[in-house]
Amino acid sequence: MDDYDNLLVDRTDGVATVTLDSAAGRNALTLEMANELVSAATTLGEDADVRCIVLTHEGDFFGAGADLSQFSGDESDAPLLRELAGRAHEAIVQFHRTETPVVGGIDGVAAGIGFSLTLMPDLVVLGEEATLKFAYPGIGLTGDGGATFFLPRLVGLRTAKEIVLRDEPIAPNEAVEMGLATEAVPSDEFEDRLEAVATDIASGPTQALGATTRLLTDSYERSLESQLSAEADAIAGATRTEDYERGIGAFFGDGDPEFVGR
């Protein structure tokens with residue numbers, strides 16, 4: 001297990017679980033926690049044995065936003081806010097750009113930067129105790145953590161503006177209907193379901209899966225022609241993996257392929 005003060009990182013059978021457990025309480029984001037998230041995202045994204053990353057939490061809060069006890073409530077807070085946002089943004093970019101599939105698991109309150117962190121994973125499983133809230137207007141601040149990037153892509157521009165302007169709590173089933181989450185389950189099934197989803201992904205051809213999700217993400221910035229070119233490069237590159245050999249072998253043989261993630 002990796003050694004952090006605000007995170008618990010466990011690697012089991014190809015699944016790396018990052019559990020938010022802030023020393024500040026309520027999983028409030030501090031600069032130390034943001035730095036640890038950068039380290040974890042970078043380390044796990046480069047680990048060839050990690051085939052799925054799970055981002056979840058300890059306690060009743062996935063994230064209550066930034067640790068407001070650090071701030072004075074005036075313009076003197078700008079340098080610290082900029083530094084804190086910058087480090088949190090680097091972590092989000094690292095998680096988002098990795099070709100290792102990322103699964104979010106939330107069964108508590110996610111507000112402010114905690115809300116933003118729920119938008120980045122490829123799949124999101126919510127428990128019935130989950131509550132999502134943009135929350136930035138409550139303290140007179142604009143959104144960060146990629147919220148203004150991910151929200152319109154997930155739910156559409158009109159709904160994204162509604163979430164921001166009304167700033168109302170979003171319940172699990174509503175979040176699924178909006179496209180903010182993949183599925184919602186009862187809290188007593190949450191941990192088992194989160195593990196099952198991650199294990200299923202980790203047993204697949206994860207290099208191909210990760211490259212495909214990257215293609216989907218990058219498609220927003222490309223023309224059709226450049227996207228088709230990227231697809232051709234990716235599918236040709238996938239032929240160099242052991243999983244391709246195993247998949248083709250199983251297709252022309254008997255049984256299901258046993259993928260190894262490389």
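Quick note: numbers below take in every heavy atom, side chains included, and nothing from hydrogens, waters or symmetry partners.
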Roughly how far, to the nearest 0.5 Å, is the OG1 atom of T12 from the CG atom of D10?
3.5 Å
For I163 and L180, the nearest pair of non-hydrogen atoms, with its separation, is CD1-CD1, 4.2 Å
Side chain to side chain, F71 and I139, heavy atoms closer than 4.5 Å:
no
Between T100 and T206, is there a side-chain heavy-atom distance shorter than 4.5 Å?
no
Stepwise side chain to side chain contact (heavy atoms under 4.5 Å, CB included) check, R11 with L44:
CA-CA 9 Å; R11 293 175 172 87; L44 297 176; 3.2 Å; yes
Side chains of R97 and D218 in contact at under 4.5 Å (non-hydrogen atoms):
yes
Minimal non-hydrogen separation, A238 against Y244, with atom names:
O-CB, 3.4 Å
Find the distance between CG (N6) and OG1 (T19) and round it off to the nearest 0.5 Å.
12.5 Å
Residues, nucleotides or ligands: over 12 heavy atoms within 6.0 Å of D188 CG
yes
Check step by step if side chain to side chain contact (heavy atoms under 4.5 Å, CB included) holds for L151 and V164.
CA-CA 10 Å; L151 261 183; V164 168; 4.2 Å; yes
Find the distance between CG (L7) and CG (N27) and round it off to the nearest 0.5 Å.
9.0 Å
Can a salt bridge be assigned to the pair R193 and E189 using a cut-off of 4.0 Å between side-chain N and carboxylate O?
no
Evaluate the side-chain proximity of E32 to D5: yes if any heavy-atom separation is below 4.5 Å, no if none is.
no
If the plane angle is over 60° it's perpendicular, under 30° parallel, otherwise tilted; pick one for H96 and F149.
perpendicular
Would you be so kind as to tabulate the donor-acceptor pairs closer than 3.5 Å made by side chains of residues 58-68, with sequence neighbours excluded?
| from | atom 1 | to | atom 2 | distance (Å) |
| --- | --- | --- | --- | --- |
| D67 | OD1 | S69 | N | 3.3 |
| D67 | OD1 | S69 | OG | 2.7 |
| D67 | OD2 | S69 | OG | 3.1 |

Could you check whether atom CD1 of I248 has more than 12 heavy atoms from other residues, nucleotides or ligands sitting under 6.0 Å from it?
yes
Does atom CG of D233 have more than 12 heavy-atom neighbours, drawn from other residues, nucleotides or ligands, at distances under 6.0 Å?
yes
Distance (rounded to the nearest 0.5 Å) between T148 OG1 and R153 CZ:
9.0 Å
For a quick test of your reading: what N or O donor-acceptor pairs under 3.5 Å do the side chains of residues 102-116 make, sequence neighbours left out?
| from | atom 1 | to | atom 2 | distance (Å) |
| --- | --- | --- | --- | --- |
| D107 | OD1 | E128 | N | 3.4 |
| D107 | OD1 | E129 | N | 2.9 |
| D107 | OD1 | S187 | OG | 3.2 |
| D107 | OD2 | S187 | OG | 3.1 |
| S116 | OG | G112 | O | 3.4 |
| S116 | OG | Y136 | OH | 3.3 |
| S116 | OG | D144 | O | 2.7 |

If you count heavy atoms of other groups shown closer than 6.0 angstrom to CZ of R222, is the number above 12?
yes
Taking all atoms of both residues into account, what is the closest heavy-atom pair of S219 and Q227, and its distance?
CA-OE1, 3.4 Å
Kindly compute the distance separating CZ (R246) from CZ (F259), expressed to the nearest 0.5 Å.
9.5 Å
Is there a path of hydrophobic side-chain contacts, each under 4.5 Å between heavy atoms of I/L/V/M/F/W/Y residues, joining L194 to V124?
no
Is any side-chain heavy atom of L123 closer than 4.5 Å to one of I201?
yes
What is the distance from atom CD of E195 to atom CG of D13, rounded to the nearest 0.5 Å?
9.0 Å
Nearest heavy atoms of Q207 and R262, plus distance in Å
NE2-CA, 3.5 Å
Between V93 and L37, is there a shared hydrophobic cluster once you connect ILVMFWY residues whose side-chain heavy atoms come closer than 4.5 Å?
no
Minimum heavy-atom distance between T30 and A24, given as atom pair plus value:
CG2-CB, 3.7 Å
For the residue pair A202 and V15, what are the closest heavy atoms and their distance?
CB-CG2, 3.8 Å
Kindly indicate whether the side chain of L20, heavy atoms from C-beta on, has any atom under 4.5 Å from the side chain of M33.
yes
Using a 4.5 Å cut-off on heavy atoms from C-beta on, say whether the side chain of P172 contacts that of V176.
no
Between T241 and D243, a side-chain donor and acceptor under 3.5 Å:
no
Output all residues satisfying side-chain contact (heavy atoms from CB on, under 4.5 Å) with R87, sequence neighbours left out; order by chain, then residue number.
L31, A34, N35, V38, E90
